[in-house]
Amino acid sequence: MNLFEKLKIKHRPRPGALDLLKYIGPGLLVTVGFIDPGNWATNLAAGSEFGYALLWVVTFSSIMLIIIQHNVAHLGIVTGLCLSEATNKYLPSKLSRPILCSAMLASISTSLAEILGGAIALRMLFGMPIKVGAVIVTIVCLGMVLSNTYSKIERWIITFVSIIGLSFLYELTLVDIDWGKAAAGWIKPTFPENSMLVVMSVLGAVVMPHNLFLHSEVIQSRAWNLEDESVIKKQLKYEFYDTLLSMIIGWAINSAMILLAASTFFQQGIAVEELDQAQQLLVPLVGNNAGVIFAAALLLAGISSTITSGIAGASIFAGFYGEAYNHTDLHSKLGVLLSFVPALAVIFLIGDPFKGLILSQMLLSVQLPITVFTQVYLTSSKRVMGVYANSRSTTILLWSLGTLVTLLNIALLISLF
């Protein structure tokens, strides 16, 4: 039984601009995965090594993400099932079990990177050891996920994303940006010498497996009356606005990272390879305030992305039992623990944050195609989606994007060796 069936809530949305605000939220939780510590690292590398030249990658990846996330949200709206539940219901167990097990590993891998990002930020701010910081981030996020409802978590995430965005707006006022080159960089694809690895890294860090499970789950938190065709159609329309707005915000924040790196490190001929290095170098170039704000924004990004990773893990594990995520349910609680605890254990075993990030990217690269193609199969099936199944052109587009994402992640995986 999914969350909608449990709550038995019926709601008929009213038209109007204010009504649109009721739909804003699910997309922003997904946006957090688009501005996680892994994206920070790749964006800073892109800007410090190639200036404004790779801004187009953020534009292209944002468009790609809008299409894929919009599609998986449709699954949740039309069926009342998240991707995990639909996989469990519509695929034979010999396929669904391995798919969901691999997705759970991807959630652990994501949590590993996000917890590390928060721990690195604590080291920047307070000189705290990585392992101690990782424990603190895990406990804080565990408490927030297990004690908050969707609406409360959404408000936290919106607050965090707003602060991160404002932090980068402030930092952009401290540097001189060549807006003419930036405008050209956003729309003109170029491949500077030795840039392919960074291009693949930026693209590969955008579409993450846990975000696909997360979006299809969170969209159900509104618990609309899915028996009313007019409600479904209205929600499908407003969901697109939510996804579009959220991805534009993600595009702006990721672009701001590249702009900051291009106008500081690239101008000085400095290639940034570590998040700590970026914070340390910003201080002499821009000022102490910029370094502190950079670290504080990274901490917020690490915490918020860890929270969303935990919710995704809970959704995936609950799907094994045909259930929707519910923070009070035992299976959801176990899913959060299964996402966080192994990730924290790996951080203690590896010890080297850089190796931990490499390990997480390797696992995500392997699992992502499985999730993307499962999603496309389900949303293209009339048995699953009925009259809302993907059209032929949409199916072709999604298979093409899935193939592209797969090839990019395979190339990224190979490059790690």
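Keep in mind that this is a model prediction, so the values were computed, not measured.
Between S84 and L100 the shortest side-chain heavy-atom distance falls below 4.5 Å. Proximity of H215 to T243: side-chain heavy atoms (C-beta onward) are separated by under 4.5 Å at one or more points. In this structure, the side chains of M385 and T79 come closer than 4.5 Å at one or more pairs of heavy atoms. Within the 4.5 Å cutoff, no side-chain heavy atoms of L259 are placed close to those of S263.
Looking at residues two or more places apart in sequence or on another chain, you find no ring pair (Phe, Tyr, Trp, His ring centres under 6.0 Å) involving F266. Annotation: side-chain contact (heavy atoms from CB on, under 4.5 Å) contacts of P369 (sequence neighbours excluded): F373, T406. The ring pair (Phe, Tyr, Trp, His ring centres under 6.0 Å) test applied to F294 returns W40, not counting sequence neighbours. Not a single side-chain hydrogen bond (donor to acceptor under 3.5 Å, both in side chains) links T110 to another residue, sequence neighbours left out. Taking the side-chain hydrogen bond (donor to acceptor under 3.5 Å, both in side chains) definition, one finds that Q375 meets it with N71, sequence neighbours left out. Residues meeting the side-chain hydrogen bond (donor to acceptor under 3.5 Å, both in side chains) test with W56, sequence neighbours left out: none. Partners of S255 by side-chain hydrogen bond (donor to acceptor under 3.5 Å, both in side chains), not counting sequence neighbours, listed by chain and number: W186. With sequence neighbours excluded, the residues forming a side-chain contact (heavy atoms from CB on, under 4.5 Å) with L244 are I66, F240, I248, listed by chain and number. By the side-chain contact (heavy atoms from CB on, under 4.5 Å) test, A343 pairs with I108, S111, L112, I115, sequence neighbours left out.
In this structure, S339 and S107 approach most closely via the heavy-atom pair OG-OG, 2.9 Å. Residues A312 and H210 come closest through the heavy atom pair CB-O, 3.5 Å.
Within the structure, side chain to side chain donor-acceptor pair (under 3.5 Å) pairs that include any residue of residues 119-142 comprise R123-D276 (at least two apart or interchain). Every pair tested for salt bridge (charged side-chain N to carboxylate O under 4.0 Å, His left out) that includes a residue from residues 369-388 fails, sequence neighbours excluded, so the list is empty.
Judged purely by distance below 3.5 Å, without hydrogens or angles, the side chains of T374 and T87 never pair a donor atom with an acceptor atom. Side chains of S332 and N326: a donor-acceptor N/O pair is absent below 3.5 angstrom, by distance only.
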Using atom types as modelled, flag every donor-acceptor pair under 3.5 Å from a side chain in residues 160-170 to any protein atom, sequence neighbours excluded.
| from | atom 1 | to | atom 2 | distance (Å) |
| --- | --- | --- | --- | --- |
| S162 | OG | I158 | O | 2.7 |
| S167 | OG | I163 | O | 2.7 |

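In this structure, R97 contributes its side chain and F320 its backbone to a donor-acceptor pair below 3.5 Å.
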